[in-house]
Amino acid sequence: MDDARAAILAAIRVIPRGQVRGYGEVARLAGLPGRARLVARILSENDDAALPWHRVLRSDGRIAFPARSKGYVEQSRRLKAEGVTVESGRVRGARAVRSEDEALWGPK
DNA sequence: CGAGTGACCCTAT
DNA sequence: AATAGGGCCACTC
């Protein structure tokens, strides 16, 4: 297992229950700025059921899967299960993040 | 080496 | 708010 993969998985495991992060944000927190696509790829290959992969969303707070796809349904289900409100594929309260030190979800 | 692909991101319309 | 166009990274053929 390479370092990048380990760093990314670690960053995801740290996301608190009931909160969400963006792909680019996770990459940044893992010390790999600009590797959002790598995060997505790692997740697509992940098989660990204990990993809170459902807490990772696109930078605009929307679920990355196509609406109504298997993954989409499962992700919104798992989010709602821990108290996160999801409506029309978007997490309520999440805001687009652009700069380095902003968070997709966090203290307002 | 080049072209295509994707659980992405940003800026400009 | 929704689209379009580029940019990016890693991988496959």
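Here is the naming used below: chain letters follow the sequence lines, and residue numbers restart at 1 for every chain. Computed from a predicted model, the values in this text were never measured in an experiment.
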> For the side chain of A/Arg95 and the backbone of A/Ala103, is there at least one donor-acceptor N/O pair under 3.5 Å apart?
Replying inline: yes

>> If the condition is salt bridge (charged side-chain N to carboxylate O under 4.0 Å, His left out), which residues does A/Arg78 pass it with, not counting sequence neighbours?
In response: none

> Roughly how many Å is it from CG in A/Leu51 to C1' in B/dA7, rounded to a whole number?
Replying inline: 13 Å

>> Using a heavy-atom cut-off of 4.0 Å across all strands, would you classify A/Val26 as base, sugar-phosphate, or nothing?
In response: nothing

>> I need the CD1-P distance between A/Ile42 and C/dC8, as an integer number of Å.
In response: 21 Å

>> Considering every strand and a 4.0 Å limit on heavy-atom distances, what is the contact class for A/Gly24: base, sugar-phosphate, or nothing?
In response: sugar-phosphate

> For A/Ser69, which residues count as a side chain to side chain contact (heavy atoms under 4.5 Å, CB included) partner, sequence neighbours excluded?
Replying inline: A/Phe65, A/Pro66, A/Tyr72

> Quick one: does A/Arg90's side chain have a donor or acceptor within less than 3.5 Å of a partner on A/Gly61's backbone?
Replying inline: no

> What is the distance from CD of A/Glu102 to C1' of B/dC10, rounded to the nearest Å?
Replying inline: 13 Å

> Between A/Arg95 (CZ) and C/dA1 (P), how many Å, whole number?
Replying inline: 15 Å

>> Rounded to whole Å, how long is the line connecting atom CD of A/Glu87 with atom C1' of C/dA1?
In response: 15 Å

>> If you apply the rule side chain to side chain contact (heavy atoms under 4.5 Å, CB included), what do you find for A/Leu104 with A/Ser59, and how did you get there?
In response: CA-CA 7 Å; A/Leu104 178 62; A/Ser59 65; 5.6 Å; no

> How close or far is atom C1' of B/dA7 from atom CZ of A/Arg68, stated in whole angstroms?
Replying inline: 17 Å

>> Closest-nucleotide mapping onto DNA chain B: is A/Arg28 or A/Glu45 further toward the 5' terminus? I mean the 5' end.
In response: A/Glu45

> In whole angstroms, how far is the P atom of C/dC9 from the CZ atom of A/Arg5?
Replying inline: 20 Å

> Between A/Leu43 (CG) and B/dA7 (P), how many Å, whole number?
Replying inline: 11 Å

Close N/O contacts between protein and nucleotides 10-12 of chain C (under 3.5 Å):
{"residue": "C/dA10", "atom": "OP1", "partner": "A/Arg35", "partner atom": "NH1", "Å": "2.9"}
{"residue": "C/dC11", "atom": "OP1", "partner": "A/Arg41", "partner atom": "NH2", "Å": "3.1"}

>> Can you list everything that forms a side chain to side chain contact (heavy atoms under 4.5 Å, CB included) with A/Ala30? Sequence neighbours excluded, please.
In response: A/Ala7, A/Ile8, A/Ala11, A/Leu32

> Using a cut-off of 4.0 Å between protein heavy atoms and nucleotide atoms, how would you tag nucleotides 2-7 of chain C 5' to 3' with B, S and -?
Replying inline: -----B

> Do A/Gln75 side-chain atoms and A/Val56 backbone N/O form a donor-acceptor pair below 3.5 Å?
Replying inline: yes

>> Closest approach to the side chain of A/Arg58, judged atom by atom: which nucleotide of B/dA7, B/dC8, B/dC10 is it?
In response: B/dC8

>> Can you check the distance between B/dA7 and C/dC13, where both ends of the measurement are the C1' atom (answer in whole Å)?
In response: 23 Å

> Taking only residues two or more places apart in sequence or in another chain, which ones pass salt bridge (charged side-chain N to carboxylate O under 4.0 Å, His left out) with A/Arg17?
Replying inline: none

> Is there a donor-acceptor contact under 3.5 Å from the side chain of A/Glu102 to the main chain of A/Val97?
Replying inline: no

>> What's A/Ser44 touching, base or sugar-phosphate or nothing? Going by heavy atoms closer than 4.0 Å.
In response: base

